[in-house]
Amino acid sequence: MPTDAGQGTIAEAMHFADSHVHLADAAFAEDADAVIERARAAGARALVCIGESLEAAARARVIAARHPGLVFHTAGVHPHDAGSWDSARDADAVRAAVRAGAVAIGECGLDYHYDHSPRDVQRRTLDAQLQLAAECARPLVVHTREAEADTIDFLREASAAGIGGVLHCFTGSSALAEAGLEAGWCISFSGIITFRSWSDDEILRRVPDDRLLVESDAPYLAPVPNRGKRNESAWVPLTIARLARARGVSALQLAAMTLRNTQRFFALPPSGGA
Ligand SMILES: [Zn+2]
Ligand SMILES: [Zn+2]
């Protein structure tokens with residue numbers, strides 16, 4: 001007779017998604033496949049590999065092709081590099097990425113903390129990617145830091161255009177969260193919510209079940225107790241546990257829910273193991 005496997009007495013394995021990971025970053029140049037394997041072994045069933053530049057997007061596409069059904073890719077231009085955006089050349093590159101299977105446009109956005117590109121250029125480059133999202137019928141992955149008023153304006157614009165998106169690595173105010181939710185967008189939390197400095201559990205509870213995503217943002221922002229190390233998707237369960245605690249649900253439930261949300265938001269095929 002088989003043992004009690006399948007009779008519900010063995011703890012159910014956690015299956016989760018990482019909605020935002022920079023596997024094409026130079027930090028993973030040597031061992032991206034090993035990092036992906038560790039994530040799979042930890043229960044990851046969907047990894048969204050972010051192309052934050054057109055070069056990174058091309059690498060992301062190659063990585064995703066090596067891990068079909070597990071790793072998916074996006075294409076866009078980060079606000080830090082907004083100054084390099086060339087409409088004629090880059091819009092076509094994004095369209096080509098979408099034809100090749102990119103599941104979202106981004107990450108793009110507004111970052112007035114670093115101001116690596118002039119603010120008006122950041123806004124123009126973001127608008128150009130909004131147009132592409134509309135044209136290609138893909139959601140937007142948006143990075144926003146210290147740019148709340150302009151991001152709220154942008155969310156209204158996106159909502160009017162019927163464009164969905166996610167505010168990734170959310171650390172903003174409740175006003176920004178409300179604007180995102182009103183626009184019908186998702187909100188994604190990273191390992192920052194495990195840091196001792198995080199105090200806004202109210203916002204962790206405020207996001208409705210079906211709008212909630214989790215992410216590593218690796219190689220950055222490793223959750224406690226790995227803070228300061230190179231981050232990786234296998235550690236997303238640490239962030240899931242923290243978010244589950246704030247919301248008063250089990251980590252297993254929260255993992256399953258955010259996996260489903262990731263699959264729905266990016267229109268991914270359902271995972272075999274989930
Ligand atoms: Zn970002
Ligand atoms: Zn990112």
Side-chain angles (χ1 to χ4, degrees), residues 17-29 32 35-36 39 44 46-61 63-64 71-85 94 97 102-117 119 122-123 125-126 129-130 133 138-148 150-151 154-155 158 165-173 176-177 180 185-195 198 213-223 229-233 235-236 239 258 262 265-266:
D18 183 351
S19 75
H20 191 112
V21 52
H22 294 270
L23 290 165
D25 189 276
F28 296 117
V35 167
I36 292 164
L47 305 174
V48 180
C49 179
I50 299 296
E52 75 281 4
S53 67
L54 296 170
E55 297 73 28
R59 291 194 299 276
R61 179 176 155 188
I63 294 168
V71 180
F72 304 89
H73 60 106
T74 75
V77 172
H78 195 280
H80 289 346
D81 303 315
S84 73
W85 177 265
V94 171
V103 295
I105 311 293
E107 70 177 285
C108 47
L110 301 171
D111 193 316
Y112 297 173
H113 177 75
Y114 287 110
D115 276 330
H116 285 329
S117 295
R119 294 179 180 184
Q122 291 190 41
R123 287 190 292 265
T125 300
L126 178 58
Q129 293 175 88
L130 171 68
R138 289 290 186 285
L140 283 168
V141 175
V142 165
H143 167 112
T144 176
R145 189 161 179 202
E146 293 175 27
E148 293 218 344
D150 283 356
T151 303
F154 175 77
L155 285 164
V166 57
L167 295 173
H168 105 89
C169 192
F170 191 84
T171 56
S173 69
L176 180 60
W185 282 38
C186 288
I187 292 184
S188 179
F189 293 105
S190 72
I192 289 179
I193 68 168
T194 70
F195 296 174
W198 180 270
L213 299 178
V214 288
E215 65 176 85
S216 64
D217 206 12
Y220 314 105
L221 302 173
K229 296 185 184 158
R230 184 189 70 167
N231 194 10
E232 59 178 75
S233 301
W235 296 341
V236 166
T239 301
T258 50
T262 301
F265 175 78
F266 292 105

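We're numbering straight along the sequence, starting at 1. Whatever order the structure lists ligands and atoms in, that order sets their numbers, starting from 1. In this text, all values refer to a predicted model and were calculated from it rather than measured experimentally.
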Does His20 bring an N, O or S atom to under 2.8 Å of the Zn ion (ligand 2)?
yes
Gap between atom CD of Glu52 and atom NE2 of His80 - 0.5 Å precision:
10.0 Å
Looking at His22, the N/O/S atom that lies nearest to the Zn ion (ligand 2) is called NE2
Restricting to N, O or S, what is the name of the atom of Asp217 that lies nearest the Zn ion (ligand 2)?
OD1
When you measure from the Zn ion (ligand 1) to the N, O or S atoms of His168, does any of those distances fall below 2.8 Å?
yes
Return the NE2 to CD distance between His143 and Gln122, rounded to the nearest 0.5 Å.
8.5 Å
Point-to-point distance, once rounded to the nearest 0.5 Å, from CD1 of Ile36 to CZ of Phe28:
9.0 Å
Under 2.8 Å from the Zn ion (ligand 1), is there an N/O/S atom belonging to His143?
yes
N, O or S from Glu107 under 2.8 Å to the Zn ion (ligand 2):
yes
When rounded to the nearest 0.5 angstrom, what distance separates CH2 in Trp185 from CG in Leu140?
5.0 Å
Calculate, to the nearest 0.5 Å, the distance between atoms SG and CZ belonging to Cys108 and Phe154 respectively.
6.0 Å
